[in-house]
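Everything on this sheet refers to the single structure shown next.
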Protein chains: 2
Amino acid sequence: MTMFDLASGPRLSKSEDTRRRIVLGAAAVLVEKGYAATRLSDIAATVGMQAGSLYYHFDSKDDLVEEVLGFGVRYTHDYVRKAVEALPSDRTPGEVLFEAVAAFLEALLAIGDLSPAHLRTFHQVPLEMQERLRPPRREFGRYLDELISAAITSGEVRSDIDTDVLRLFIINSLERVVDWPQPLRERKGNSAVKMMRTLILDAIRAPR
Amino acid sequence: MTMFDLASGPRLSKSEDTRRRIVLGAAAVLVEKGYAATRLSDIAATVGMQAGSLYYHFDSKDDLVEEVLGFGVRYTHDYVRKAVEALPSDRTPGEVLFEAVAAFLEALLAIGDLSPAHLRTFHQVPLEMQERLRPPRREFGRYLDELISAAITSGEVRSDIDTDVLRLFIINSLERVVDWPQPLRERKGNSAVKMMRTLILDAIRAPR
DNA sequence: GTCTATATGTGGATAGAC
DNA sequence: GTCTATCCACATATAGAC
């Protein structure tokens with residue numbers, strides 16, 4: 001797994017680079033202050049420019065926020081798919097699912113403020129924007145559903161609870177780990193990823 | 001378990017009654033529009049009054065919001081404690097914990113919009129307000145920690161994962177159930193409470 | 001207790017210089 | 001591309017009538 005590095009990454013044009021710095025700065029301010037109290041001047045300050053200058057890169061505050069929210073979704077979903085595709089072909093459906101779970105949390109933690117910014121801001125933005133952001137989320141949900149269904153069929157995951165419920169349980173549990181206090185993410189030598197994978201595995205696997 | 005009934009409940013004075021109606025209306029608007037887009041005029045409209053009239057009951061928008069957030073916390077915590085106290089004395093620590101888990105989710109679901117309003121709004125309000133709201137949350141966390149620790153000592157709950165992590169896992173998982181689409185809360189004759197209790201139980205219990 | 005009317009402040013957005 | 005200056009809409013909050 002390659003570490004997420006927003007600063008470098010694939011070489012960006014100068015313009016794309018500032019655009020990305022603005023997005024990351026916006027995420028940081030959103031997490032610290034919340035959507036309502038986030039002023040364009042705050043965001044501009046973190047990037048070292050004036051509020052008005054942001055309009056060269058984005059049409060509006062919400063346009064910028066939409067980029068923040070969409071970026072995290074695209075990254076995490078791509079990350080999970082690639083992690084799954086990179087698995088040896090002899091993995092069972094259950095093993096694939098548990099790798100996907102771990103990869104999803106890895107990705108959430110790797111993108112820093114973008115994760116909590118998404119979690120906290122989604123329900124604050126206009127409904128039309130929420131609607132635009134839903135399709136990719138749904139698509140990822142369907143992808144997870146396939147992994148879950150396959151693991152149920154193979155007998156590795158419990159069949160007494162609905163697939164939709166299992167999916168929400170998994171996603172909801174993982175999404176909120178990004179809000180854990182930092183010291184909690186490493187306990188007794190266990191990482192948050194290891195601990196959550198263990199808990200979810202034991203929760204959803206078929207009784208032996 | 002008595003059903004939460006905000007309309008009736010212990011007889012309220014006329015003034016306390018409107019105050020409560022305002023709080024509930026505010027919660028509904030907060031969930032629908034998010035904190036930033038919630039205008040006092042929206043809240044007033046749901047209660048059937050004018051925006052200015054709210055200031056007879058509350059000092060400011062944030063004063064009202066603080067009441068919304070605090071109300072849910074007090075109710076759910078009281079509910080869990082009472083449910084636990086009402087248990088027969090022969091229950092094992094593990095059984096007590098699992099009843100507490102179920103009761104917590106019952107309470108979250110019973111108070112309607114107050115739950116998602118709290119979940120979504122908490123990080124949007126001024127930090128000073130967040131600080132004022134934290135102590136009761138911490139207190140409840142410590143209470144849960146006691147239940148968890150006792151169940152670990154009795155050998156019913158796993159000891160390979162930190163108590164703090166177990167607590168956050170439980171609370172985080174349950175808190176987001178209030179965002180599930182309504183039809184998902186009843187599947188195959190299982191209620192959300194039953195399903196979540198099962199999942200959490202299997203996740204955290206000691207391996208046999 | 002609730003209404004109407006108004007003062008006030010703030011922050012998103014725009015225009016044009018550099 | 002970024003800055004400065006300014007416009008303008010809007011929602012909180014206040015004052016006083018009823």
Side-chain angles (χ1 to χ4, degrees), chain A residues 11-69 117 120-121 123-130, chain B residues 7 11-69 117 120-121 123-129:
Chain A
R11 40 206 160 291
L12 302 173
S13 72
K14 183 88 178 239
S15 173
E16 283 171 328
D17 178 64
T18 38
R19 200 180 148 89
R20 174 160 298 187
R21 279 170 40 235
I22 294 170
V23 169
L24 290 176
V29 179
L30 282 171
V31 172
E32 188 195 331
K33 306 204 171 193
Y35 176 75
T38 290
R39 313 177 222 305
L40 290 178
S41 55
D42 297 325
I43 298 171
T46 67
V47 194
M49 52 169 71
Q50 297 301 312
S53 311
L54 295 174
Y55 284 86
Y56 176 81
H57 301 276
F58 298 91
D59 291 338
S60 67
K61 176 181 178 179
D62 278 351
D63 181 39
L64 165 53
V65 169
E66 187 161 350
E67 181 67 18
V68 172
L69 301 193
R120 297 177 188 181
T121 310
H123 290 287
Q124 309 294 328
V125 302
L127 290 177
E128 313 83 64
M129 193 197 300
Q130 291 183 31
Chain B
R11 38 206 159 294
L12 301 173
S13 72
K14 184 87 178 239
S15 173
E16 284 171 327
D17 178 65
T18 33
R19 199 180 149 89
R20 174 159 299 185
R21 279 171 39 235
I22 294 170
V23 169
L24 291 176
V29 178
L30 281 171
V31 172
E32 188 196 332
K33 307 205 169 191
Y35 176 74
T38 291
R39 314 176 218 305
L40 290 178
S41 56
D42 297 325
I43 297 172
T46 67
V47 194
M49 51 169 73
Q50 297 301 313
S53 311
L54 295 174
Y55 283 86
Y56 176 80
H57 302 276
F58 297 91
D59 291 339
S60 68
K61 176 180 178 179
D62 278 351
D63 183 37
L64 166 52
V65 169
E66 186 162 350
E67 181 66 18
V68 171
L69 300 192
R120 297 177 188 179
T121 310
H123 290 289
Q124 309 294 327
V125 302
L127 289 176
E128 312 86 61
M129 193 195 301

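Here is the naming used below: chain letters follow the sequence lines, and residue numbers restart at 1 for every chain. The figures here come from the full heavy-atom set of this structure, side chains too, leaving out hydrogens, waters and symmetry mates.
Protein atom CG of A/Leu54 is 14 Å distant from nucleotide atom C1' of C/dT14, rounded to whole Å. Straight-line distance from the OH atom of B/Tyr55 to the P atom of C/dT4: 16 Å, rounded to whole Å. At whole-Å resolution of the value, CG in A/Asp59 and C1' in C/dG12 are 13 Å apart. For the pair B/Asp62 CG and D/dA13 C1', the interatomic distance rounds to 13 Å; values are reported in whole Å. Atom CG in A/Leu64 sits about 11 Å away from atom P in C/dG12, given to the nearest Å. In this structure, B/Asp42 places its CG atom 8 Å from P of D/dA11, rounding to the nearest Å.
Scanning for side-chain contact (heavy atoms from CB on, under 4.5 Å) contacts around A/Ala117 gives A/Ala27, A/Leu30, A/Val31, A/Val68, with sequence neighbours left out. Residues satisfying the side-chain hydrogen bond (donor to acceptor under 3.5 Å, both in side chains) criterion with B/Glu16, sequence neighbours excluded, are B/Ser13. Residues satisfying the side-chain hydrogen bond (donor to acceptor under 3.5 Å, both in side chains) test with B/Asp62, not counting sequence neighbours, are B/Tyr35. With sequence neighbours excluded, the residues forming a salt bridge (charged side-chain N to carboxylate O under 4.0 Å, His left out) with A/Glu66 are A/Arg132, listed by chain and number. Every side-chain contact (heavy atoms from CB on, under 4.5 Å) that B/Ala44 has, sequence neighbours left out, goes to B/Met49, B/Leu54. Listed by chain and number, the residues in a side-chain hydrogen bond (donor to acceptor under 3.5 Å, both in side chains) with A/Gln130 are A/Arg134 (sequence neighbours excluded).
Using a 4.0 Å cutoff on non-hydrogen atoms, no part of residues 25-40 of chain A comes near DNA chain D.
For the pairing with B/Lys61, the side-chain contact (heavy atoms from CB on, under 4.5 Å) check across B/Val125, B/Leu40, B/Ile43 returns one residue only, B/Leu40.
Identified under the salt bridge (Lys or Arg N to Asp or Glu O under 4.0 Å) test for residues 25-48 of chain B, with sequence neighbours left out: B/Lys33-B/Asp42, B/Arg39-B/Asp42.
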What are the atom names and distances for every N/O pair under 3.5 Å that joins the protein to nucleotides 1-4 of chain D?
unit_1	atom_1	unit_2	atom_2	d
D/dG1	OP1	A/Ser15	OG	3.4
D/dG1	OP2	A/Tyr56	OH	3.2
D/dT2	OP2	A/His57	NE2	2.6
D/dC3	OP2	A/Gln50	N	2.6
D/dC3	OP2	A/Ser53	OG	2.5

